[in-house]
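Down below is the structure, laid out as structure tokens.
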Amino acid sequence: DYEGRFLYMNDMGAKKLGGEPKDFIGRTINEVFPEPSASHQLAGIRQIFRENRKRIVEMQSVGDENHLRWYRFALQPLHDENGGVTQVLINATDIHDLKSTQQELQALNRTLEERVRERTAQVQDLYDNAPVGYHSLDADGCYLTINQTELNWLGYAREEIIGKPITSIYTPRSAANFETTFSQFKINGHFINHEAEVVRKNGAVFPVMLNSTAVYNESGQYVSSRSTMTDITERKRAEEALQLANSGLHRAMRIKDEFLASMSHELRTPLNAVLGLSESLLEQFIGPLNERQIRSLQTIESSGRHLLDLINDILDLSKLESDQMTLELTPVHTREVCEASLLFVRDAAHKQDIQLTSTLDPAVEYVQADERQLKQMLINLLGNAIKFTPKGGAVELQVRGNLQQQTVSISVSDTGIGIATKDIPRLFQPFVQLDSGLNRRYEGTGLGLSLVARMAELHGGSVSVESGLGRGSRFTIVLPWENSAPRLP
């Protein structure tokens with residue numbers, strides 16, 4: 001009633017308060033509930049009497065074991081026959097678990113919101129202070145967003161850029177290029193390593209590289225771009241310096257090639273005269289010679305021929321490096337070119353008491369090659385094998401065909417000193433000799449194997465080596481091969 005006296009209570013209500021209905025009927029709210037809960041409830045009841053309308057309130061009240069719990073109270077006026085409010089019916093629903101969950105969710109939401117604010121601030125900081133520029137453009141190519149890094153590069157304030165077309169910061173040439181490519185970008189959806197020239201607010205121009213991705217709505221219409229801008233000033237300077245260096249290098253290489261060609265000609269002319277005269281003297285057409293004179297002339301001729309070989313190697317390498325050497329591919333008779341190569345080194349092998357043998361695959365009758373270069377490759381490999389094989393050793397030339405792979409392998413193996421595994425990668429570099437001491441035991445410029453490798457590549461083939469210290473070496477040239485005889489005219 002108006003005094004807050006309980007006129008009726010069901011069993012559930014009494015149980016929540018720790019008793020039976022008879023224990024509470026006739027008692028007031030102030031006698032059942034502690035303050036300030038009792039006063040708040042009585043005030044709510046009297047408000048119903050005054051306003052004559054239903055109210056629903058949520059508040060804490062004493063529940064089981066006198067613990068405060070959350071309840072939802074529905075307060076409804078009851079009337080007499082004249083419509084006056086005589087009593088208030090109170091339905092109390094225990095919503096403590098629901099309220100606790102709501103409070104936990106609210107606390108979690110506040111935590112999440114705080115984390116989102118912190119993370120957003122971090123992302124914004126990363127966006128603004130990234131080492132590259134970031135911006136987005138609308139469908140007209142005007143700035144929607146821009147980070148602080150890009151603003152710093154351009155020298156503008158944010159309000160001076162937002163809404164302006166990106167072409168306003170481009171040089172005329174870059175702006176014209178943008179106009180022709182932007183429409184295609186909106187269709188393709190990306191720019192990759194697009195270069196442009198950008199003008200700062202102070203008028204200075206610097207190069208940039210742009211990478212962009214298009215953003216579309218659910219209908220597939222272009223909305224905006226996500227773009228990065230990278231200042232490539234230093235890279236451009238490096239490229240220019242490299243181009244300048246390459247230009248100087250090409251010029252130096254051309255001058256070197258011209259010099260080598262000229263010097264080779266100049267050296268060959270007197271050297272041929274020396275060799276010709278030496279041969280004439282040795283044949284004693286001019287007059288008889290004693291043993292001492294013959295040995296001296298043989299030394300002159302041997303040294304002269306060695307010098308001529310070096311000059312020829314240097315000239316050939318120069319032609320290979322400058323792409324001036326051309327192939328004259330013809331069907332070369334394999335046995336003939338092998339026998340000619342063996343004949344060329346037979347005297348050197350005989351002097352070293354080295355056994356020189358060959359094993360030729362009869363199926364490999366012809367190979368498509370430049371005969372002079374093929375012979376030069378074989379002579380270089382055979383000469384090297386003889387040079388690095390001790391007296392009494394053996395050198396073998398072997399030819400094998402592989403019809404399935406359509407290749408022919410030409411191998412030169414020896415029983416010589418061998419090569420350390422760590423030194424093999426340096427074998428085919430020009431002007432490199434593994435025996436590099438001041439008093440080398442073996443003569444040569446270190447060009448032979450380099451020439452073999454380059455010539456094999458020019459034929460569409462390759463060179464490989466199998467070796468080990470004290471185990472001898474095996475060099476193999478692999479060339480393309482078709483098992484067919486040449487067509488006769």
Which atoms form the tightest heavy-atom contact between Lys236 and Pro207, and what is the distance? CG-CG, 3.8 Å

Sequence neighbours excluded, which residues qualify as side chain to side chain donor-acceptor pair (under 3.5 Å) partners of Gln184? Asn188

Could you work out, with salt bridge (charged side-chain N to carboxylate O under 4.0 Å, His left out) as the rule, every residue matching Arg117, not counting sequence neighbours? Glu114

Test of understanding: with side chain to side chain contact (heavy atoms under 4.5 Å, CB included), list the residues that count as partners of Ser224, not counting sequence neighbours. Leu144, Val215

For Thr180, side chain to side chain contact (heavy atoms under 4.5 Å, CB included) partners two or more places apart: Asn177

Measure the shortest side-chain to side-chain distance between Glu58 and Ile95 over non-hydrogen atoms and say whether it is less than 4.5 angstrom. yes

Scan for side-chain hydrogen bond (donor to acceptor under 3.5 Å, both in side chains) pairs involving residues 279-295, sequence neighbours excluded, and state none if there are none. Glu279-Arg305

Taking the side chain as C-beta and beyond, is there a heavy-atom pair between Thr476 and Ile410 under 4.5 Å? no

Please determine, by modelled atom types, if Glu396 and Thr359 share a side-chain donor-acceptor pair under 3.5 angstrom. yes

Is the backbone N or O of Tyr170 less than 3.5 Å from a side-chain atom of Ser174, with the two atoms forming a donor-acceptor pair by type? no

Give a yes or no on whether the backbone of Val208 and the side-chain of Thr230 come within a donor-acceptor separation of less than 3.5 Å. no

Can you name the side chain to side chain contact (heavy atoms under 4.5 Å, CB included) partners of Ala176, sequence neighbours left out? none

Give every donor-acceptor pair under 3.5 Å between a side-chain atom in residues 398-409 and any protein atom, sequence neighbours left out.
| residue | atom | partner | partner atom | Å |
| --- | --- | --- | --- | --- |
| Gln398 | OE1 | Arg474 | NH2 | 2.5 |
| Asn402 | OD1 | Gln404 | N | 3.2 |
| Asn402 | OD1 | Gln405 | N | 3.0 |

Check whether Glu160 reaches the backbone of Ala157 with its side chain - one donor and one acceptor, N or O, closer than 3.5 Å. yes

So, His190 versus Phe185, ring centres under 6.0 angstrom or not? no

Would you say Arg235 and Met209 make side-chain contact, with heavy atoms under 4.5 Å? yes

Which residues share a salt bridge (charged side-chain N to carboxylate O under 4.0 Å, His left out) with Glu336, sequence neighbours left out: none

What residues, two or more places apart in sequence or in another chain, satisfy salt bridge (charged side-chain N to carboxylate O under 4.0 Å, His left out) together with Glu457? none

Which ring-ring contact (aromatic ring centres under 6.0 Å, His included) pairs, counting each pair once, include a residue from residues 131-156, with sequence neighbours left out? Tyr127-Tyr134, His135-Tyr143

Would you say Thr334's side chain and Val364's backbone share a donor-acceptor pair under 3.5 angstrom? yes

Quick one: salt bridge (charged side-chain N to carboxylate O under 4.0 Å, His left out) partners of Glu234, sequence neighbours excluded? Arg237

If the condition is side chain to side chain donor-acceptor pair (under 3.5 Å), which residues does Asn193 pass it with, not counting sequence neighbours? Asn211

